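Just so it is clear: chains get the letters A, B, ... in the order the sequence lines come, proteins before strands, and each one is counted from 1. Fair warning: this is a prediction, and the values are worked out from it, not measured in the lab.
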2 protein chains.
Amino acid sequence: MQINPLALDEQLCFPLYSSEKTVVAAYRPLLAPLGLTYPQYLVMLALWEQDGQPVSTLGRRLGLDSGTLSPLLKRLEASGRIQRHRGTADERVVTVQLTSEGAALREDAVGIPARLFAQLGLEAAEAVELRRLLAKICSTGQATPARTDNPKDPS
Amino acid sequence: MQINPLALDEQLCFPLYSSEKTVVAAYRPLLAPLGLTYPQYLVMLALWEQDGQPVSTLGRRLGLDSGTLSPLLKRLEASGRIQRHRGTADERVVTVQLTSEGAALREDAVGIPARLFAQLGLEAAEAVELRRLLAKICSTGQATPARTDNPKDPS
DNA sequence: CACAATTTAGTTGTGGGCAACTCATCTAAC
DNA sequence: GTTAGATGAGTTGCCCACAACTAAATTGTG
């Protein structure tokens, strides 16, 4: 049927790109009252799951490198949601701790996923299948933030 | 099973966010030889489908506003892929035209979607279903770049 | 112990992406 | 014809995201 391999709508990439923006846009008005952007919200989710993570662990969990995380964490710290402490055992690692305010913010956020899901208009089964397919994509191109500097490529 | 409504992996948003980044990262090495970034590639796809579109049409097609498109198009023009011409009938509209170099670039790009799809490791039927679900998401939160300034909200 | 290789955060530079604005032009209503 | 409102493109400011780099600390090896 489709004769143009470069047609925007016939590929996966554009719908993926586009729906990601749609979902982030849907989050925006829900997160604005909390004073969070969407990536900041993801960091908070990771910290609500497990407080006191090092920056490196957080980066692997979210697929973000230090060039993204460092300034983002600085903003979260400036707005009083987290604190950063340089480790004593290993002085390279910086541990990210929720402040009491940051921990309390969880209560304001707990209703957001359900509200958002309702907006998407997907059946529960569809959501399960969608999550499975997206996870499959992530697993292929390893989710790791991709060591970019060349660590002696063993070729 | 799941008791934490804020768990990163149990929602749709994080897999969506994460797989979008994975796919863009997979495109990067394929697009680098063409001298294109992923958003620039999307603009080229739109122009290869239909040359000579006004900036506004391009923006609606891709879901991007002028704040994103204007500098992006300026870079594409600087690298010789497109030209911009201000309209004569309506002097507000700027029409984007492929240069011969930009049109020729299509030949270099035509094999990319297949190469990328192979990397994703999805069955053909899975890809069809995934595209359907993503399109459903896009349709809910209107794909329009969302007029942000308030044009006399008729409330 | 000495020293190379690795790891951790951070910084800089470039390119999206959106909000909010400006400016010019066009259209509609009068 | 004037003028109010709408529209198209652009700019500014802020935030994310990645590449490439730096500096400091740690680990491993001889």
Does [N] have its OP1 or OP2 closer than 4.0 Å to a side-chain nitrogen or oxygen of [X]?
X     : N      : result
A:Y17 : C:dG17 : yes
A:K74 : C:dT11 : yes
B:T37 : C:dG16 : yes
A:S70 : C:dG10 : yes
A:Q40 : D:dC15 : no
B:R86 : D:dG8  : no

Write down the distance between [atom1] ([X]) and [atom2] ([N]), rounded to a whole number of angstrom.
X     : N      : atom1 : atom2 : answer
B:L62 : C:dC18 : CG    : C1'   : 15 Å
B:Y41 : C:dG16 : OH    : P     : 15 Å
B:L58 : C:dG17 : CG    : P     : 13 Å
B:L73 : D:dG8  : CG    : P     : 15 Å
A:L31 : D:dC16 : CG    : C1'   : 14 Å
B:L72 : C:dT14 : CG    : C1'   : 13 Å
B:L69 : C:dG15 : CG    : P     : 16 Å
B:R60 : C:dC18 : CZ    : P     : 15 Å

Output the single nucleotide from [options] whose closest atom is nearest the side chain of [X].
X     : options               : answer
B:S66 : D:dA9, C:dG16, D:dC18 : D:dA9
A:D65 : C:dG16, C:dA9, D:dA19 : D:dA19
A:L64 : D:dG8, C:dC18, D:dC18 : D:dC18

Exercise. Nearest-nucleotide wise, let me know which of A:R28 and A:T57 is further upstream toward the 5' end of DNA chain C.
Key: A:T57

Quiz item: Taking the nucleotide of DNA chain C with the closest heavy atom to each, which residue, A:K21 or A:V55, is nearer the 5' end?
Solution: A:V55

Quiz item: Are B:R115 and B:L30 close enough, and set up right, to give a side chain to side chain contact (heavy atoms under 4.5 Å, CB included), and what steps lead you there?
Solution: CA-CA 9 Å; B:R115 284 215 275 161; B:L30 303 185; 3.6 Å; yes

Quiz item: How are the rings of A:Y41 and A:Y27 set to each other: parallel, tilted or perpendicular (split at 30° and 60°)?
Solution: tilted

Quiz item: Should the pair B:R61-A:D9 be classified as a salt bridge under the 4.0 Å nitrogen-to-oxygen rule?
Solution: yes

Quiz item: Would A:K21 and B:E20 pass as an ion pair if we require N to O under 4.0 Å?
Solution: no

Quiz item: Looking only at N and O atoms, is any donor in the side chain of A:R92 or the base of C:dT8 less than 3.5 Å from an acceptor on the other one?
Solution: no

Quiz item: Quick one: the side chain of B:S56 and the base of D:dG8, do they pair up donor-acceptor inside 3.5 Å?
Solution: no

Exercise. With rounding to the nearest 0.5 Å, note down the distance linking CG in A:L62 to CZ in B:F14.
Key: 5.0 Å

Exercise. Test B:R132 against B:E129 for salt bridge (Lys or Arg N to Asp or Glu O under 4.0 Å), laying out the working first.
Key: CA-CA 5 Å; B:R132 184 184 74 81; B:E129 176 67 358; 3.1 Å; yes

Quiz item: Which part of the nucleic acid does A:P71 contact within heavy-atom distance under 4.0 Å: base, sugar-phosphate only, or nothing?
Solution: nothing

Exercise. Check every strand shown and say whether A:A89 touches a base, only sugar-phosphate, or nothing at a heavy-atom separation below 4.0 Å.
Key: sugar-phosphate

Quiz item: How do A:R75 and A:E91 order along DNA chain D: which one's closest nucleotide is nearer the 5' end?
Solution: A:R75

Quiz prompt | Closest-nucleotide 5' rank along DNA chain D - winner of A:G67 and A:D90 | solution = A:G67

